[in-house]
Number of protein chains: 2
Amino acid sequence: MAGAHTLSETERQVSTLLKGMNIDFKAMAVVSNLFRAASAVRNHLEREILSRHGLSWTGFVVLWVVWVWESIETRTIAEEVGTSKASLTGVLKTLERDGLIIKKQSKIDRRLVLVTLTSDGRRMMKKIFPEFNKEEIFLASFIKPAEQRGVADALRGITVGAKRENLKKN
Amino acid sequence: MAGAHTLSETERQVSTLLKGMNIDFKAMAVVSNLFRAASAVRNHLEREILSRHGLSWTGFVVLWVVWVWESIETRTIAEEVGTSKASLTGVLKTLERDGLIIKKQSKIDRRLVLVTLTSDGRRMMKKIFPEFNKEEIFLASFIKPAEQRGVADALRGITVGAKRENLKKN
DNA sequence: CTTTTTTCATTCGCATCCTAACGAATTGGA
DNA sequence: TCCAATTCGTTAGGATGCGAATGAAAAAAG
């Protein structure tokens with residue numbers, strides 16, 4: 001057994017291996033295709049857009065969140081981006097070094113750190129986001145237009161459901 | 001603007017910011033919900049299952065691929081898992097250190113490295129995979145059963161489409 | 001008002017992740 | 001046959017990722 005496999009070959013091999021193991025293949029397909037899609041889409045967007053601007057994937061997502069909320073606490077960024085606060089510290093350091101964001105201690109609660117875009121950061125997002133959305137349109141085009149809303153809603157449901165179980169620290 | 005936001009609040013804020021910018025919101029929703037879902041599901045599975053067995057996410061996926069194919073070249077693992085060959089080198093080193101896999105040089109082409117599970121590795125997968133599938137069932141349950149197949153197929157379509165553009169090195 | 005508990009961002013140690021550069025092995029064309 | 005081009009996995013260097021421990025600040029308990 002060696003060499004490159006197509007997606008179909010893999011699926012066939014899997015169903016052979018697991019036959020008689022009482023596995024829910026439909027649920028497995030949902031989860032594994034979720035990760036395959038996320039990985040493929042992320043690679044595509046990194047190569048087609050982000051690399052050209054010297055941005056990492058997480059760096060871009062953080063910029064996006066800060067852009068949307070104008071001023072936002074780091075703990076909230078971590079939650080929205082889906083990373084730990086520890087990881088975020090490093091990413092923010094990089095973004096600050098590159099002059100895209102600024103951190104400021106909150107006057108009301110001095111434990112908190114508020115993040116804002118610099119004018120360079122805003123300029124960056126204004127330029128990148130339309131390009132980014134063009135690629136999103138391209139990627140979504142592999143789903144029938146009539147189904148796009150349904151798929152988005154289904155994914156949203158999974159997100160909400162999975163997070164409900166995590167009333168935990170990050 | 002500060003504090004925690006619900007998914008709905010975020011969506012409202014986004015549509016306000018981008019109003020008049022000629023953005024395809026449907027495509028944006030597909031992509032952003034794809035990543036939110038992948039992140040939430042991954043965190044859930046890491047916390048509920050993998051952490052207990054001392055496995056990283058990627059480590060588990062690599063084990064899974066090797067389990068499925070019994071013996072497989074590293075370049076193929078990298079492709080199926082969706083990482084670079086360089087990243088895979090490190091992950092394999094960890095898995096080998098933990099006694100879950102073995103690497104062997106190919107006799108036919110001495111550049112190639114073939115990977116196999118150890119008996120510990122097989123034992124691990126036999127134990128973990130049913131637990132893992134139970135969580136997959138739980139996660140998929142947030143989609144109506146009748147829609148699960150359709151969502152999986154849609155994600156599969158995106159994967160194939162996004163990868164078609166990447167006839168590139170990894 | 002003082003002590004205890006909680007909450008926050010950061011640091012630490014280590015695993016993962018990438019691109020680029022590298023050396024070894026194979027392939028393919030003169 | 002020989003040598004340039006390609007294809008492997010690994011290394012190097014830096015960014016990103018985590019949980020756990022840390023110290024500062026705020027909140028809760030007394």
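Below, each value reflects all heavy atoms present in this structure, side chains not excepted, and no hydrogens, waters or symmetry copies. Bear in mind the structure is a predicted one, so any value in this text is a computation, not a measurement.
Taking F129(B) as the reference, W64(B), W67(B) meet the ring-ring contact (aromatic ring centres under 6.0 Å, His included) condition, with sequence neighbours excluded. In this structure E96(A) satisfies the side-chain contact (heavy atoms from CB on, under 4.5 Å) test together with I101(A), K103(A), sequence neighbours excluded. Annotation: salt bridge (charged side-chain N to carboxylate O under 4.0 Å, His left out) contacts of R149(A) (sequence neighbours excluded): D153(A). Scanning for side-chain hydrogen bond (donor to acceptor under 3.5 Å, both in side chains) contacts around R156(B) gives S8(A), E11(A), with sequence neighbours left out.
Checking dT11(D), dA9(C), dC18(D) against every side-chain atom of T89(B), the shortest atom distance belongs to dT11(D). Nearest to the side chain of A86(A), among dC18(D), dG17(D), dC18(C), sits dC18(D). Among the nucleotides dG9(D), dC18(D), dT16(D), the one closest to the side chain of S56(A) is dT16(D).
The separation between W57(B) atom CH2 and dC17(C) atom C1' is 16 Å, rounded to whole Å. The distance from atom CG of L100(B) to atom C1' of dA15(C) is 15 Å, rounded to the nearest whole Å. Nucleotide dT16(D) holds its C1' atom 18 Å from the NZ atom of K85(A), rounded to whole Å. dT7(C) atom P lies 13 Å from atom CG of L112(A), rounded to whole Å. Regarding E73(B), its CD atom lies at a distance of 17 Å from the C1' atom of dT10(D), rounded to whole Å. Whole-Å rounding puts the L50(B) CG to dG19(D) P distance at 12 Å. Taking atom CD1 of residue I77(B) and atom P of nucleotide dG9(D), one finds them 9 Å apart after rounding to whole Å. Going from atom NE2 of H44(A) over to atom C1' of dC18(C) covers 18 Å, rounded to whole Å.
Residues from residues 91-99 of chain B with heavy atoms under 4.0 angstrom of DNA chain C, sorted by number: V91(B), T94(B), R97(B).
Listed pair K103(A) / dT10(C) meets the phosphate criterion, a side-chain N or O lying under 4.0 Å from OP1 or OP2. Phosphate proximity of dT16(C) to S87(B): absent, as no side-chain N or O sits under 4.0 Å from OP1 or OP2. Regarding contacts with the backbone of dT16(C), every side-chain N or O of T58(B) stays at 4.0 angstrom or more from both OP1 and OP2. When the side-chain nitrogen and oxygen atoms of S84(A) are compared with OP1 and OP2 of dG17(D), none of them lie within a distance under 4.0 Å.
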Anything under 3.5 Å between a donor and an acceptor, one on a side chain of residues 133-140 of chain A, the other on a protein residue two or more places apart or in another chain? List them.
from: N133(A); atom 1: OD1; to: D24(B); atom 2: N; distance (Å): 2.9
from: N133(A); atom 1: ND2; to: E136(A); atom 2: OE1; distance (Å): 2.9
from: N133(A); atom 1: ND2; to: D24(B); atom 2: O; distance (Å): 3.3
from: E135(A); atom 1: OE1; to: H44(A); atom 2: NE2; distance (Å): 2.7

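Interatomic distance, OG of S56(A) versus CG of L95(A), reported as 7.0 Å (0.5 Å rounding). The OG atom of S51(A) sits 10.5 Å away from atom CG of L45(A), with the distance rounded to the nearest 0.5 Å.
With a 4.5 Å cut-off on side-chain heavy atoms, L55(B) and D98(B) do not count as touching.
Residue pairs that meet the ring pair (Phe, Tyr, Trp, His ring centres under 6.0 Å) test with at least one member in residues 8-40 of chain A, sequence neighbours left out, are F35(A)-W57(B). Under the side chain to side chain donor-acceptor pair (under 3.5 Å) criterion, the residue pairs touching residues 117-130 of chain B are D120(B)-R123(B), K127(B)-E131(B), with sequence neighbours excluded.
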Polar atom pairs (N or O), protein with nucleotides 23-28 of chain D, under 3.5 Å:
from: dA26(D); atom 1: OP1; to: R110(A); atom 2: N; distance (Å): 3.1
from: dA26(D); atom 1: OP2; to: R110(A); atom 2: NH2; distance (Å): 3.4

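Taking for each of G90(A) and L88(B) the nucleotide of DNA chain D with the nearest heavy atom, the 5'-most of the two is the partner of L88(B).
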